[in-house]
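To start, the structure itself, in structure tokens.
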Amino acid sequence: MSPVLSFGLTLAGVLLAGVPLLYLTADAPQKQIAPRPEDEAPSTRKSFVMVQFTGEPVSAVLRHKGKIIATMPAGTPSPWEEEPELPTHGTLELEAELHWPGNSAENAVGITIEPPKQPAATDTKWTGSDGSLLHDIFRFSW
């Protein structure tokens, strides 16, 4: 067989097999699928919040973006537990304001948040040397 005829037959075989393969392996157009409403994570959900403290505060308030989300009833022992609506993704900042009777020793406050389908996160703060007031921001990230 002549080299020109061999090359021609080989070229014809490559073209006959290659052209259909080009269409078969090309990327198909992607269909945009909108998420179902039940699959979307809501922006806020009820989250378990546990506030642990030393000493017995006279009052305690938790705020999120300036809005009061929980107020501790008088005489509540540690830990104080609530289930407010909170964001469950990204960074969450809670403002905590706790008051102890005057001339208290240094006190600590630990806040643990357990949002649904997320790991628990804890942040702890200490009062100043007088120990009668803690007004601070607790930050949590998921």
Show every donor-acceptor pair shorter than 3.5 Å between a side-chain atom in residues 2-22 and any protein atom, with sequence neighbours excluded, or say none if there are none.
residue : atom : partner : partner atom : Å
Ser2    : OG   : Leu5    : N            : 3.2
Ser6    : OG   : Ser2    : O            : 3.3
Thr10   : OG1  : Ser6    : O            : 2.8

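Note: the hydrophobic cluster containing Val58 does not contain Leu98 (ILVMFWY, side chain heavy atoms under 4.5 Å, direct or indirect links). In the hydrophobic cluster analysis, where Ile, Leu, Val, Met, Phe, Trp and Tyr join through side-chain heavy atoms closer than 4.5 angstrom, Val109 is grouped together with Ile69.
The two atoms that bring Glu106 and Gly128 nearest to each other are CG-O, 3.8 Å, heavy atoms only. What you find for Met72 and Trp80 is that their closest heavy atoms are N-CZ2, 3.3 Å. Taking each heavy atom of Pro101 and Glu56 in turn, the nearest pair found is CD-O, 3.8 Å. Contact detail for Thr112 and Ala120: the closest heavy-atom pair is CG2-CB, 4.3 Å. Here the closest heavy-atom approach between residue Lys125 and residue Asp136 is recorded as CD-OD2, 3.5 Å. Smallest separation of non-hydrogen atoms from Ser78 and Gln52: OG-CA, 3.4 Å.
With a 4.5 Å cut-off on side-chain heavy atoms, Glu95 and His135 count as touching. Contact annotation: the side chain of Glu85 never approaches that of His64 to less than 4.5 Å [non-hydrogen atoms, C-beta and beyond]. Between Ile111 and Asp123 the shortest side-chain heavy-atom distance does not fall below 4.5 Å. Put simply, the side chain of Leu134 reaches to within 4.5 Å of the side chain of Trp100, judged on heavy atoms. The shortest side-chain heavy-atom distance between Leu94 and Ile113 falls under the 4.5 Å cut-off. No side-chain heavy atom of Leu86 sits under 4.5 Å from any side-chain heavy atom of Phe140. In this structure, the side chains of Asn107 and Phe53 stay at 4.5 Å or more apart for every pair of heavy atoms. In this structure, the side chains of Ser59 and Val61 stay at 4.5 Å or more apart for every pair of heavy atoms.
Considering CD of Gln118 and CG of Leu92, their distance stands at 11.5 Å, rounded to 0.5 Å. To the nearest 0.5 Å, atoms CD (Glu114) and NZ (Lys46) are separated by 15.5 Å. Note: Leu133 CG to His99 NE2 = 5.0 Å, rounded to the nearest 0.5 Å. Interatomic distance, Phe138 CZ to Thr122 OG1, rounded to the nearest 0.5 Å: 11.0 Å.
Considering only residues two or more places apart in sequence or on other chains, Ser47 meets the side-chain hydrogen bond (donor to acceptor under 3.5 Å, both in side chains) condition with none of them.
Panel note: side chain Thr127, backbone Ser132; no donor-acceptor pair is recorded below 3.5 Å.
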